[in-house]
Structures are given as C-alpha cells and as structure tokens.
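Everything below concerns the one structure shown next.
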Amino acid sequence: MWRDPEPQQHYDVIIIGAGHGMAAAYYLAKVYGIRKVAVLEKGWLGSGNTGRNTTIIRSNYLLPGNEPFYEFSMKLWEGLEQDFNFNAMVSQRGILNLFHSDPQRDAFARRGNSMLLAGADAVLLDENLIRKMCPFLDYENARFPVKGALWQPRGGTVRHDAVVWGYARGADRLGVDIIQNCEVTGFDIQDGVCRGVETTKGPIKANNVGVSVAGSSSKVMAQAGMRLPMESHVLQAFVSEGLKPCLPGVITFGAGHFYVSQSDKGGLVFGGDLDGYNSYAQRGNLPTVEDVCEGGMAIMPMIGKARLLRMWGGLMDMSMDGSPIIDKTHISGLYFNGGWCYGGFKATPASGYCMAHLLATDEPHHTATAFRFDRFNKGLMIDEKGVGAQPNLH
Amino acid sequence: MWKSAHPIFMILTGVDSVADYKLEPFPFLWGRERYFGNNYLDIVSTQAIVSIAIPRGSEKDFSSEFTNAFGTYLPEPGHSVFSKNREFLFLWMSPDQIFALFERDGLYPELTVREKLGDTGYITDQTDNWCQIRLTGQDIVQAMERICPLDLNQFPLGKCARTVMEHLSSVLVRESDEGFLLLSPSSSAQSFLEAIEQSFLNTGDY
Amino acid sequence: MIIDHPLLGPRDAAEFVYLGDASLIDRPDLNNPEAGKEFFEYLYLRDNPEGIHRELWYHEQGDRSWLVVTRNTLTHEILNVELARQVALAMGR
Amino acid sequence: MFSRFPEGGLIDREHSFTFSFNNKKWTGYKGDTLASALLANNQLFIARSFKYHRPRGVFSAGSEEPNALVQLGRASFSEPNTKATNIELYDNLNAKSQNYKLSLQFDLLGINDKLSPFLSAGFYYKTFMWPKLFWEKLYEPVIRSSAGLGKLSGYPDPDNYDKGFLHCDILVVGGGPSGLLSALVAGRAGARVILADEDFRLGGRLNSDREEINNQSGQEWVAQTIAELKSLDNVRLLPRTVVFGNYDHGIFGALEQRPDALPGINKKPKTVLWRIYSKRSIICTGATERSIGFGNNDRPGILLAGAMRTYLNRFAVKPGDRVALFTNNDSGLKTANDLADKEIAVTVIDTRPNQGQNTDKKYHDYIAGGRIADVRGQKAINSIILADGKSITVDSLAVSGGWNPNVHLTCHKRTKPVWNEKIQAFVPGENLTDGMRVAGSANGLFDLSSTLLSGVVTANLALEDLGFPTCQHPDFETSVETTDITPFWYVKEVRSRSWIDLQNDVTTKDISQAHDEGFRDVEHLKRYTTLGMATDQGRTSNVSALAIMSERTGKSISETSTTIFRPPYTPIPIGALAGRSRGKHFRPTRFTPSHRWAEKQGAVFVETGNWLRAQWYPLEGETHWRQSVDREVLATRNSVGVCDVSTLGKIDCQGTDAAEFLNRVYANPFLKLPVGKVRYGLMMREDGIVYDDGTVARLDENHYVITTTTANAVLVFRQLEFARQCLWPQLDVHLISTTDGWAQFSVAGPNSRNLLAKITDDFDLSNEVFPFMACANLTVCGGRKARLFRISFSGELAYEIAVPSRYGNSMMETLMEAGQEFNVVPYGTEALGVMRIEKGHFAGNELTGQTTAFNLGLERMVSKKKDSIGNKLSERSGLNQPDGIRLVGFVPVDKNMQFNAGAHFVSKGKEKILENDEGWMTSVAYSPTLGHTIGLGFIKNGLNRFGEIVHAVDPLRGNNTDVEICSPHFYDPDGGRQRG
C-alpha cells in the first residue's frame with residue numbers, strides 16, 4: 001500500500017501527525033506540487049483520532065467562520081474516492097438532528113438557513129415526516145417528544161480507516177515519505193526560525209514544519225515553548241454487534257447526548273459526550289457509557305437488545321471556543337493545525353487542504369480565515385455552542 | 001409608610017386586618033404511604049427544615065452560641081447530631097452550613113431557630129424546598145443499593161450525606177437501625193418517590 | 001473515578017462537576033496595567049500536561065465544596081485533594 | 001452422532017424443559033445451556049458465518065463462542081446474536097438461526113463462499129468505486145443488505161433493566177478453583193467479599209474436568225466451599241454475573257442476569273448492571289482455549305478440546321462413537337482420557353513428535369507428530385485427512401492449540417500483557433493499579449494445585465494490604481497435571497482454507513495478504529482483515545493470528561504484541577447499560593406548584609428543561625393554540641392575568657459582604673441598592689459574554705434574593721459558589737437555592753393591584769408606597785408568609801407574588817377566585833413569550849452564549865469603574881465592532897405577511913448568499929395587541945437602521961419577507977404602564 005522509508009536529512013515540509021497531516025501531505029503534493037514532504041507519525045498509521053471516531057461527515061454548521069469550511073470539506077469528500085482511487089465508502093445517507101422544543105427549532109432553523117445561504121443542503125422536517133423515515137423512534141412515551149428535525153441529506157458516514165489508508169497510499173505514490181513509529185521529541189528553533197525537528201529516528205531538517213497532532217497538540221507545541229488555548233479530553237465511542245440494517249442514516253438526539261449511525265458491516269456506531277475531565281488516557285469511564293446508552297434508549301428503545309461490543313477513547317484537542325486553529329505561529333516556519341474538538345473527522349479533507357494551502361502560500365485558505373490563533377485575544381471567538389472558554393462543554 | 005421587610009417584625013408586630021381568603025397546603029406527595037412487605041415508606045409532612053449558614057470570621061462565636069442554644073456541638077462533616085433535648089436534628093451540609101430539622105409548630109420555622117440562636121447565623125426556611133421520605137424496615141439497603149451510590153452497609157446511625165440518585169439530588173440521613181430519612185427537591189418529588197418504589201418492586205415480591 | 005474528599009472521604013466522581021485548571025483561582029487584578037493581557041492568558045491559555053494536573057472539581061451533589069484535585073491525566077491516579085477555598089486563602093486571595 | 005449419556009453430568013434430570021429451535025421442539029434439562037441441549041439432540045449445524053455463510057456449529061462452551069449465535073426469543077423480546085453457549089436453558093425457550101437467506105439449510109448467500117477468491121481481506125476498498133454513482137446506488141445497498149448477523153425487532157425493548165451499586169473490600173472475579181478459594185480465605189478473615197462469575201454454576205473448570213482435591217471430587221469440593229461462602233454474611237455471591245470492565249480507582253462494571261425474569265412472564269428486571277466499588281480485586285478469570293489452523297477447521301462437529309470435555313462431563317453429552325483429538329499440548333490429552341474412559345474410540349493426533357509413548361490410556365490410535373490437513377463433511381464433519389493423506393472416519397473432532405489466560409480485565413487500563421514462552425501465551429503485565437492482583441490460570445498457572453495455592457496467596461496479600469488477618473498456606477493434594485506445550489499454530493500442508501477468526505471468516509491467507517500489502521502493525525491487521533472484531537472479539541483467534549503475523553514479519557510474538565484490550569469483556573446489551581432511564585424515566589420531571597390546578601383546567605404543557613410548564617390554557621371551543629394565546633394576552637393587557645413563574649431560579653444570598661459580592665458577579669453596580677428595592681442584574685461570563693440575567697431583591701440589610709432564568713438556575717449557582725469559594729474566599733456571603741421552596745406567580749395587567757389587594761393582609765400597594773421595582777416580605781390570606789416583587793416582564797403594571805410552594809396550588813386557585821370580578825385569566829408560557837416580545841425583552845432565544853451586552857444594547861450597564869466578572873474581556877475589540885449586530889425589532893412591510901424565527905437578514909437587493917448575511921431573527925410572535933407578526937432579531941448596526949427595509953430570508957421554509965427594522969419596544973415604549 002505504501003513504502004516504509006527511512007527519513008531523509010532534509011525536506012521541504014515536515015508534517016507531524018498522520019491524520020489530518022496525511023491529508024495535508026497529499027494535497028501539498030497533488031495540488032501545490034510540493035513533493036519533498038515527510039509525514040511523521042508517532043505510532044502506526046491511523047492510530048490517532050482518524051481511526052477512533054464515529055465516522056460522521058456533515059456540514060451543518062451555523063457560524064460564518066465555520067460553515068464554508070465544512071461545506072468545502074463535504075465537497076472534497078464527495079470527490080474523494082475518484083480523487084485517490086480508493087474506496088473509503090463515503091455513504092451520504094443523511095444526518096438527522098432531532099429537536100424537541102420551539103427554541104431548539106428556532107436555533108436549527110437559523111442553522112439550516114446558514115447552510116442554504118452557504119450553498120449546502122438542509123431540510124426542516126416535521127414530526128410526521130420523521131415518523132415515516134424513522135418509525136422506530138420513541139414518539140408515544142418519550143420524556144422529550146420529537147417535534148421535528150434538521151436534515152442534511154448529504155451528510156453521512158465514511159469508513160474511517162480507509163480514509164487514512166487512501167490518503168497514505170495517494171501521498172506515498174506522489175513521493176511523500178510516510179515515517180511511522182517516529183516520535184518528535186523537539187524542534188530545532190534558532191533565532192525565532194524553525195529549521196527542523198528532533199525525533200526518535202534522529203534530527204530531520206525542513207524549510208517548514210506543520211504540526212497536526214490533535215489531542216497531543218499541547219504536548220508537542222510545548223516543545224516549541226507555546227501554550228495553547230486548548231485542553232485534551234477523552235471522548236468515548238461505541239460500536240454494537242453486527243445487525244441487519246435498521247437505521248436510515250445518522251441520527252442525533254437533541255435532548256440527550258447521543259448520535260448514531262450503522263456501519264456497512266451492520267454495527268451501530270454511536271457516541272455522546274466527553275467524559276469531561278482532562279485526560280490523555282485514551283480510555284474513559286463507565287458513567288459516560290451509561291449516559292450515552294440512556295440517551296440511545298430514550299430516543300430509540302428498539303436498541304435495548306443490541307449489545308455494545310467495543311468502546312474506545314480518543315484524545316480530543318478541545319479548544320476554548322470549540323473551533324479549530326489553522327494558522328502560522330509566532331515562530332517562522334512553524335505552522336499549527338488543531339483544536340478540532342470532537343468534530344475533526346469530517347474536516348479531514350478540508351483541514352488537510354487548508355493546511356497545505358497555508359504551508360505552500362503562507363496565507364490562509366479562503367474558507368479558513370477565521371481559524372486564527374489571535375481570535376481569543378481579539379474577541380473573535382467562533383463559539384458554535386455558546387458555552388465560552390469551557391472546553392469540556394463544546 | 002410601608003413596614004420593614006423583615007418577616008420577623010411582620011409577625012411580632014402582628015397584622016391589623018387580614019384577607020378573606022385562605023391558603024391550603026398541598027405538598028405533592030402528601031399522604032402517600034406504602035408498605036413493601038415489612039418495610040414502610042412514609043411521607044414526612046410536619047417536619048421543618050431550616051438552613052443555618054455560619055458567618056465567615058465568627059465561626060468560634062457561632063459554635064459557642066450554638067452549643068449554648070442546643071446543648072450539643074455542631075455536627076461533624078458527613079454527620080448529624082441531635083440537640084440535647086432531641087427536638088432538633090442538625091445535618092452537616094457544607095463547611096459553613098447546617099440544616100436544622102424539627103417538628104413544625106408555626107408558619108415561620110426560621111423564627112424557631114432565630115429565637116434560639118439570636119442574630120448569629122444566616123437563616124433560611126428550606127422546608128418547602130424538599131420532600132421528605134422516611135423508610136423503615138430490614139430490606140431498605142437491598143432496595144436502595146439499586147439507586148444509591150453510597151455504601152449504605154457502612155452508613156451507621158449519625159451519618160448523613162448528600163448524593164445523587166436517578167439524576168436527582170438527595171440527602172440521606174440514618175435515623176435509626178432500620179430507618180433512613182431521605183430528602184429530595186420538592187419539584188421532582190414524584191420522580192424521586194417512583195425511583196424508590198421501583199427499587200423495592202425490583203428487589204422483592206411486594 | 002473516586003475522589004477522596006478531604007472532609008467526606010471517598011466519593012464517586014459522578015457527584016462532582018469538572019471545571020478545569022486550578023489556575024482559574026488565580027484571577028488577575030483589574031487594576032494591573034497589563035490586565036487585558038493577563039485576563040486573556042488567565043482565561044484562555046492553559047497548561048495541558050500529560051501527567052500531573054491540578055484541577056477544579058465542584059461537589060455539586062454533595063457538600064457544594066469546590067476542590068483542587070491533583071490528578072495524573074495519563075493514569076487518572078489522584079494524588080491529592082484539597083478544599084479550593086483553603087487553597088485560595090493560602091494564595092492570599 | 002451426538003447424544004446424551006443416560007446418566008451423569010451436572011444437569012437436573014428431574015426437570016426437563018421443552019424448547020424450540022428453528023421451529024422444531026426439543027428436550028433438554030435444567031442445568032443445560034442451549035448449546036449443550038442442542039448437541040445432546042445431535043444438532044450440530046446451528047448458524048451461518050458472517051461473510052461466507054459457511055455452516056457452523058458449537059465451537060466452545062462459554063462466552064468466547066464465535067459460531068453458535070442465535071436469535072433468542074420472539075417478536076419484540078427477540079435478542080440477536082445470542083451465544084447458545086451462554087444461554088441457560090429454560091422451559092419454552094425459543095431460538096432461531098440467523099444470517100441466512102431462505103433457510104439455514106439452503107442459504108442463498110452460501111454463494112459467497114464460492115466467490116471467496118474475490119472477497120478476500122480489504123476487498124471493499126479496492127473495488128466498487130467506478131463509476132462514481134454506482135457505489136451509493138448499487139454496491140453499497142447490496143453490501144448493506146448482507147451486513148450484520150441478527151435482527152432488531154424494530155419495536156421498543158419490552159424488558160426491564162435495573163442497575164445498582166455494590167461496595168466491598170475485595171472483589172473476586174471468577175468462581176473457579178482459585179476464585180472460590182480466594183473468596184473463602186478473604187471471607188473467613190472478615191473482609192467484605194464479592195465473588196462474581198459469568199456462569200450460572202460456580203466452580204469453573206471443576207465443573208468440566210474430573211479432578212480431585214484433598215481426596216474429594218472437584219464437585220464435592222466446590223459444593224462444600226460454596227456452602228461455607230453462603231454461610232458468611234460478609235460474602236456476596238453473584239453467579240450469572242460477568243465483570244465486563246475495569247475502570248478507574250477500583251470500580252468495576254458487572255452485569256448480572258436475573259433468572260427470575262423470563263421473557264414476558266413478569267416485570268422483574270432482566271439484568272442488573274452493578275458498579276462494584278472495590279478496595280482490592282483478585283482476577284481469577286481463568287483461560288480460554290485456542291484452536292489450530294488446518295483446512296476446513298470450521299466445520300460443525302469440530303470443538304475446542306476443553307469445550308468437548310465440558311459437554312462430556314458437565315452436560316453428559318456424548319460426542320459420537322469415534323472422536324479425533326488434535327493437540328499440541330497436554331491439556332488436550334485430558335479430553336482424550338475422559339473420552340476413552342467413556343469407552344469412546346479416540347484417535348489422538350499430537351503435533352509433538354515425542355509425546356504419548358508412556359500413556360496407558362486405551363486410545364484407539366495415537367499419532368505423534370501428526371497433523372490434520374483437511375476435514376470432510378459440510379454441515380457436519382465425517383472424516384479427517386492427515387497431512388500424509390490418511391483419512392480417518394470420525395463423528396467429531398476436538399482441537400487444542402493451548403490456552404490463553406483471560407487477561408482482559410488486567411489490560412483495560414492500558415497495562416500491556418507480556419508473552420510467556422513457557423505457556424506460549426500472554427499473561428498479565430506488571431504494575432497493575434488500584435489494588436488488582438491475578439490468581440489461577442488467568443495468571444498462567446494451569447495446574448490445579450498451583451491454581452489453588454495462588455488463590456490463597458493472593459487473597460492473603462489483599463488481606464494484608466487492608467489490615468485483615470491472613471491465613472496459613474494449606475497444602476492441596478490434587479491429581480497430577482502436566483501442562484507441557486509445543487507451539488504449533490497452523491498446518492502448512494493444506495489446500496483448503498484454514499480459519500483463524502471463525503466469526504468474521506478470516507483465514508491464514510488473509511493474514512498473509514494483509515502483511516504483504518503493508519499492514520504490518522497488529523492494529524492494521526485487525527482493521528484490514530476485521531480479525532477479532534466480531535461479537536466474540538477474537539477470544540479464540542487473536543493470539544493465533546499474532547503468531548502467524550509474527551512468523552511473516554520475523555519478529556517475535558512478544559515484539560509483535562497484542563491489540564489493545566478494551567471493555568467490555570463480553571458484549572453488553574444497550575438496554576442494560578441504560579437501566580431505568582428510558583421513556584418517561586429518561587430524566588426526572590419537575591412540576592410547578594400549580595401543576596395540579598393547571599391539569600384540571602386542561603392546560604397544554606411543554607417541557608422546559610426538566611420542568612413541565614403550562615403552555616396555554618385552552619377554553620372550550622378554542623381549536624387552535626393561537627386563539628387561546630391571543631385571548632390570554634389580551635385579557636392580561638386589558639385586565640389581569642396570572643402565570644406560574646416558579647421555575648425561575650431563586651437564590652438566597654446573605655452576609656455582611658453580600659452587596660460587595662453581588663457587585664463583583666454582576667456587570668452592573670449593586671453597592672447602593674436600597675432595602676426594599678429590586679434591581680435588574682446582568683451577569684456575564686469571564687469572557688465578557690452575557691451569561692444570564694434576572695433580578696436581585698434586597699429584602700434586608702444583609703439579605704438578597706437573586707433570580708435566574710429557568711435554564712441557568714443550576715449553572716449560575718455553581719458559578720456563584722465558585723466566585724465565593726475560589727475567587728473571593730474572605731467575603732462573608734452565603735448562598736442557598738430556594739427555587740423549589742417558593743411558588744411564584746406573575747400577576748400582570750391593569751387590575752393586578754386590585755387583585756392583590758384582595759389577598760394581601762394589610763399591605764399598602766399604592767404606587768407611592770410600593771412603586772415599580774419595590775419588594776417586601778408580607779403575609780397574605782390571613783398570615784401566610786409571602787414575598788412580593790413589583791417587577792414586570794409583560795410591560796404591564798405587574799407583581800410577582802411568592803408563597804411557600806406547598807401553598808402554590810391553593811394560591812393559584814385563590815387568585816382565580818379573587819380575580820373573578822376582573823375576569824382574570826391564567827396565562828401560559830406562550831402568552832408570556834408574546835408579551836415579552838411585544839415589550840422587547842430578550843430571553844433564551846437571544847442569549848445564545850455568543851451575545852454581548854453590546855449586542856443587546858446594554859453596553860452602558862457594564863460598569864467600567866469596578867472589577868466584576870467579565871468586565872475586562874468584554875472590552876475586546878472583536879466584541880465591540882461599530883457595525884456589530886444589535887437587537888432590534890422587525891415588522892412585516894405587508895402586515896398580512898408572517899415570518900419565522902431563524903430567518904436571516906439580507907439587505908434589500910443583495911444576493912441571498914452567506915457573504916451578505918447580516919444577522920437573524922431570534923424570536924417571532926403574532927402580536928394580538930398590534931394585530932400583526934412582530935419579531936426580535938440581531939442585525940448589523942441595527943440601532944442606526946430603524947425604518948430600513950431588509951429581506952428576512954428563510955429558504956429552509958421557502959419564505960422571503962420584506963421587513964422593516966424598528967425599535968424592539970413594540971408596546972408601551974415609555975414604560976408608563978409598568979410604572980403606573
């Protein structure tokens with residue numbers, strides 16, 4: 001699928017982290033013609049969040065700083081497989097955000113209109129239409145009755161591992177060196193200029209270094225002396241035993257903390273809230289598992305007999321306003337991409353593309369101009385959820 | 001001139017004329033009682049709850065006032081203590097706050113405490129904030145372990161704690177060898193009662 | 001998780017609400033000439049260590065104490081628990 | 001042919017059960033599993049495999065079962081993917097095979113097996129892409145329709161589930177010999193012990209093997225030990241309880257099956273999810289046998305050797321007259337011996353060249369250094385073919401490739417297991433946390449005497465930690481056991497496929513292929529081939545796959561290491577994890593004090609958070625909600641209306657520093673609020689965004705009452721406690737919530753004063769004495785304690801009156817009775833909303849957590865002179881852009897037009913795209929007072945644009961209305977009415 005090269009002494013660009021970073025390397029090589037690129041991955045390919053998520057793609061964002069970016073990502077998803085000739089099983093079977101009160105409806109309407117104005121798709125469904133689409137939801141006995149939903153028909157799921165492998169294969173064929181089991185231990189910074197990295201496989205020089213390491217962002221950037229507006233949190237995700245098809249697409253439950261889809265293999269893939277405390281443990285605790293299952297049973301009580309098969313914990317780079325950063329740092333030649341909270345998977349193509357654009361041109365991509373470091377200092381937060389500087393609530 | 005806002009003065013000065021209407025109390029769970037085998041569930045409706053906050057900076061004065069007034073020391077963290085005459089049960093609630101529980105004898109339970117303590121301590125009537133459920137019987141722990149995260153097998157007489165059961169805030173007090181008093185916010189009392197009843201039904205053939 | 005409350009002993013973490021870095025106690029002084037920068041750093045820039053972390057938890061379903069919990073974010077081992085008010089007083093607040 | 005021995009076994013032959021499998025009736029006994037009962041009835045072919053739909057039968061005797069999955073129960077009770085080996089048989093049990101099209105015997109998808117050359121590992125990724133549309137329209141639906149194994153009924157799960165909390169000094173997981181003994185030692189010492197085992201019969205391998213302990217049979221020893229454990233008050237035995245997860249600080253998740261809850265028979269909980277809080281834990285979870293790879297090694301009639309022993313000894317199942325045993329270790333020989341003792345003809349094929357010479361058992365044949373290359377028989381094995389071509393006719397085949405300690409619980413917190421060469425398996429790693437220890441075969445001790453001894457030693461260590469007395473180490477006399485093993489993973493001389501992961505149909509070839517394609521990490525192997533990802537989680541296959549993988553990479557198994565073990569140990573039903581929190585019990589319900597009264601009036605209720613509030617009160621003849629709401633608004637504006645507003649958060653704030661405290665937590669000043677007065681308070685977050693708003697009433701020198709919005713009551717209290725304890729710990733200020741303590745009613749409208757005069761006791765309500773924003777303690781209705789606030793959300797002359805909540809229902813009745821002469825109406829949250837929009841008050845729809853005081857037009861309230869939460873960061877430039885959004889009012893240009901909240905604003909003539917988006921409509925109501933629709937919304941630079949006409953664009957609902965920007969104060973903008 002890809003080569004397993006030893007690192008060269010010098011690259012045009014080094015990208016740390018093979019999740020979004022792999023996408024960045026792919027677009028750097030493919031779109032911007034920069035092929036002397038190395039992607040350094042601390043573990044095995046896909047060992048980070050790209051391989052630990054609930055595989056949902058959507059562009060149902062509210063704020064002008066976000067929506068065009070995620071819609072750009074959606075369009076990249078839609079052409080992805082033909083682009084890199086690998087079936088990532090992009091499955092656009094729709095995402096349904098249920099609402100349960102008039103204020104929620106109003107907020108979703110505002111969001112749906114944002115999406116439509118940005119050229120995305122959105123449909124407001126009433127209860128009757130949802131009953132037809134999802135007869136298995138709890139309508140009769142629900143604590144919080146379903147009043148309607150915002151539906152994005154183009155939303156859906158993608159086979160997450162295949163995304164990693166597809167980008168890796170594509171990048172590898174364009175000459176990018178993918179170096180697994182290579183942990184960055186420091187930066188080579190002289191006079192405010194970053195000239196390379198120290199790694200467990202020795203020093204490697206580069207003109208530009210991009211960091212794209214999700215939950216490890218604070219750790220890695222601390223090696224460059226930076227403190228970030230970010231906390232690392234654990235998010236658990238769950239999959240049930242394989243079942244015959246029973247869900248039409250992605251469903252999210254607005255009065256609880258639950259979102260679910262069904263994989264091509266038949267497992268219900270679902271999740272909920274963060275565990276809520278800073279953690280690098282990559283595992284969570286039982287109360288969150290119970291909370292997620294409570295939400296699931298409250299909205300679709302048929303799943304009581306489905307068994308939870310596996311759960312895992314990913315490291316989330318929870319930013320202070322719930323939105324990402326794709327920006328240069330005050331250190332010349334050092335670029336950063338992170339703060340994806342638990343929405344990073346759907347952003348993979350656009351995040352990679354915009355990071356590549358930034359690395360190649362030193363200017364932000366036009367869909368990512370708001371994702372700046374200095375937005376907190378200036379009061380230009382992009383706070384979709386409106387919970388403020390409280391990362392575990394985003 | 002309108003009168004001082006202080007409720008105590010209102011009562012002490014009395015009222016000249018009163019309205020023609022009467023208000024009747026109507027607590028949500030009033031009168032509900034039930035046996036589960038030999039276990040008895042009873043809604044307590046005559047007991048007042050008054051919170052007493054300890055002024056910052058005068059903790060020592062308060063402590064001695066308290067002892068003078070009630071003939072006992074302040075409850076230790078996580079514990080309850082009776083007044084010397086056993087008319088008051090004090091629950092430790094937070095580092096600077098206790099609850100006084102006693103048989104209600106008037107409209108202003110906070111006055112009952114105020115009369116004892118004088119102006120020391122900040123007092124609030126909490127009676128209507130809580131529903132109070134008393135459980136007695138041998139199978140309570142077996143039932144309550146279904147919803148209560150506390151170790152009720154090691155919850156001896158004189159212990160009390162606030163915790164969460166079935167998403168509901170609740171205070172547990174061990175009142176006797178086979179008895180617990182439970183408090184939970186009054187607006188959700190119905191849900192709390194159902195949670196307890198269900199716990200008995202799930203653990204025995206009642 | 002279980003948090004060993006300094007007054008009440010071990011209690012399930014489900015009784016608590018998490019806030020974050022204990023440095024949130026150390027609120028800047030508005031009268032400081034650099035107050036704007038200090039407030040920005042106070043609110044937004046956090047140490048986010050893999051390892052020992054001092055953090056604020058609120059015993060909402062308990063005695064309503066705010067606690068400073070010293071916890072390892074990699075192993076979740078809890079090393080120390082203090083009443084946040086005592087910590088704040090000791091810091092001269 | 002399989003059959004039941006006429007006697008023996010641990011089944012209760014007095015109690016026979018009739019059960020149904022694939023619509024046929026069969027008989028079994030109490031003490032059977034579904035698997036043992038099916039085998040005893042010679043039902044070998046039970047299921048189809050996931051990918052290739054190959055016939056499969058019972059393979060194991062426990063929760064590691066990869067093959068024998070059934071759909072258990074009927075209709076809405078139906079449980080998919082249930083392991084027949086885990087189902088305790090009961091009368092009238094109904095089970096069916098799953099994962100076939102047409103029938104189990106004639107499965108149309110059996111064709112997949114023939115297509116297997118095209119369906120190897122990772123085949124999806126390389127195909128089905130072209131042309132682009134075909135994936136979604138054709139390929140994916142086809143793949144999806146063949147996905148999964150069992151089915152959900154589609155109906156709500158009718159079973160009940162419960163949860164609970166248990167506490168102990170020592171948790172012993174596993175009720176085999178080491179677990180039983182650990183529990184006994186700990187129990188005798190006085191420790192509080194919980195012993196949990198997933199089986200319905202405690203005893204572990206002693207139920208399956210014929211062993212002796214101290215001259216007793218293993219069974220007698222188990223019975224005696226259990227009897228003593230039961231006699232100890234401090235020991236709790238939990239059979240049928242799988243401990244599925246090890247969490248932080250000694251907390252374990254366990255699921256107990258309740259045998260008293262049979263489908264549809266009673267409403268007792270089917271399971272109890274226990275959270276077990278342990279100070280120490282002893283893991284005695286035993287070991288799981290693994291197979292060996294050879295051609296067609298997945299055929300029905302091929303069982304793990306230990307499982308065959310279980311069926312033979314525990315369930316008295318005779319696995320035919322001629323049985324072959326394929327082994328690489330001594331434990332397999334025990335099966336051969338037990339079979340031989342039952343006078344079954346056993347052929348032993350031992351991969352080890354030098355074993356078996358000294359055996360005195362009367363095997364039919366013993367082939368040292370032998371290898372099975374293939375087997376014959378599709379739906380049941382009928383013969384085996386050895387590597388040298390020799391064919392042997394058999395009824396069944398037992399296989400043992402060695403044993404893997406069940407290390408799962410020791411790994412859930414990311415401790416890696418370590419490879420042990422001697423036993424050729426992973427054993428628990430060092431440095432287990434939170435007081436965990438491992439004993440018995442879970443720790444790699446496979447002979448009975450070591451197992452027992454480790455139970456005692458481990459229990460003693462735990463007891464010592466906790467300060468309990470320890471006991472002497474007794475001697476155990478047991479049967480002599482040898483545990484020699486020579487690694488042997490798969491037979492190389494095969495032509496047919498050799499199966500490693502039986503459920504996900506992964507072969508030795510798939511593993512090689514993954515390696516060849518560059519998937520060389522174990523995690524890659526797992527993800528690319530799906531090995532170990534089925535419902536059995538690869539418990540019989542993972543280590544064998546690793547061994548093959550390491551052979552390809554040239555690394556040792558130790559270097560190759562394992563994938564990460566994560567909870568749950570066995571799959572756990574989602575219903576069990578949810579417990580009671582579903583349906584109406586998903587969250588508590590909070591009722592307002594006047595709920596009963598409102599119910600009697602036929603009020604329509606709405607959820608606001610956990611509260612149920614009256615939304616409107618329809619009268620007879622009103623068929624549309626708007627009729628009721630318009631009437632309530634007009635009646636209130638014309639005379640008087642009453643609304644239960646008890647849901648607002650109420651916090652008593654007392655102390656000599658209370659004023660100072662409030663001054664620091666609210667953006668506007670509070671030091672000079674006089675006693676008897678109320679002030680509006682704007683609360684910000686530290687980031688300068690508006691958090692909440694409400695009123696603060698000063699009832700006495702050191703006594704304030706704060707109100708919060710309904711939604712934020714808990715959050716504001718938390719924030720205030722943070723400020724009180726952490727930011728300003730020296731202030732003498734005390735907080736207590738009184739939200740539930742007071743029933744509070746808004747009495748609004750021109751006649752509100754007249755109405756209140758009828759129920760207050762000797763209280764001067766005149767404007768002079770009790771003006772707008774006054775407050776007081778008082779009594780009502782003959783001495784009832786009350787609080788009165790002259791505040792107005794509706795814009796009318798209005799009051800809020802509060803009485804202790806137990807009088808709330810009566811208060812509502814009284815107000816209605818006393819208000820009859822004024823034609824008083826009760827009004828609900830809808831009318832409340834209409835009136836606040838008419839008045840231009842913002843509420844939850846406007847406070848999005850992104851809103852600043854500037855956006856709301858309240859920037860002048862934010863004091864620049866004092867240090868209060870949020871003041872500093874609210875000054876940031878981005879929050880104060882001159883053309884920033886402002887809250888203003890909107891009316892339709894054509895008054896007959898309506899619009900909706902959520903519409904966006906675009907300047908007239910501009911294209912309706914995101915770049916031209918200038919804001920959005922936050923709240924909309926039909927104003928019965930004005931006779932047309934009105935709205936509040938945020939629009940750029942709105943305060944300077946009154947009179948301008950913009951588009952309210954709502955493509956979501958196909959609506960596009962021209963609206964005029966106006967003041968948000970639609971009604972009585974001067975506020976004369978509320979001050980009157």
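Just so we're clear, the structure is a prediction, and the values are computed from it rather than from any experiment. Letters A, B, ... mirror the listed sequences (proteins, then strands); counts begin at 1.
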Minimum heavy-atom separation for [X] and [Y], please, with both atom names.
X        : Y         : value
Arg46(C) : Met230(A) : CB-O, 4.2 Å
Met1(C)  : Asn285(A) : CG-ND2, 3.5 Å
Gly20(C) : Glu231(A) : CA-OE2, 4.2 Å

Ignoring hydrogens and angles, tell me if any N or O in the side chain of [X] forms a donor-acceptor pair with the backbone of [Y] under 3.5 Å.
X         : Y         : value
Gln390(A) : Leu19(C)  : yes
Asn48(C)  : Ser232(A) : yes
Arg71(C)  : Asn278(A) : yes

Parallel, tilted or perpendicular: which one describes the rings of Phe376(A) and Tyr44(C), with boundaries at 30° and 60°?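 Phe376(A) and Tyr44(C): tilted rings.
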Would you mind checking which part of Asn392(A) comes under 4.5 Å of any heavy atom in chain C, side chain (CB onward), backbone (N, CA, C, O), both or neither?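 When you check distances to chain C, only side chain atoms of Asn392(A) fall under 4.5 Å.
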Heavy-atom contact with chain C under 4.5 Å, split by part of Met221(A):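 It is neither, since no heavy atom gets under 4.5 Å.
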Heavy-atom side-chain proximity of Ser216(A) to Glu50(C) below 4.5 angstrom: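 Of all side-chain heavy-atom pairs linking Glu50(C) with Ser216(A), none is under 4.5 Å.
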Does atom CZ of Arg310(A) have more than 12 heavy-atom neighbours, drawn from other residues, nucleotides or ligands, at distances under 6.0 Å?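 Result for CZ/Arg310(A): enclosed.
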Taking atom OH of Tyr280(A) and atom NE2 of His53(C), what is their separation to the nearest 0.5 Å?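 Rounded to the nearest 0.5 Å, the OH-NE2 separation comes out at 9.0 Å.
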Give a yes-or-no answer on whether the side chains of Asp275(A) and Tyr18(C) include a donor-acceptor pair shorter than 3.5 Å.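 Absent: no donor and acceptor within the cut-off.
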For chain C, the option from Pro391(A), Ser217(A), Gly276(A) that forms the most heavy-atom pairs under 4.5 Å: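 Looking at each of Pro391(A), Ser217(A), Gly276(A) in turn, Gly276(A) comes out on top.
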Select one option (side chain, backbone, both, neither) describing which atoms of Asp47(C) are under 4.5 Å from chain A's heavy atoms.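 Contact with chain A involves both backbone and side-chain atoms of Asp47(C).
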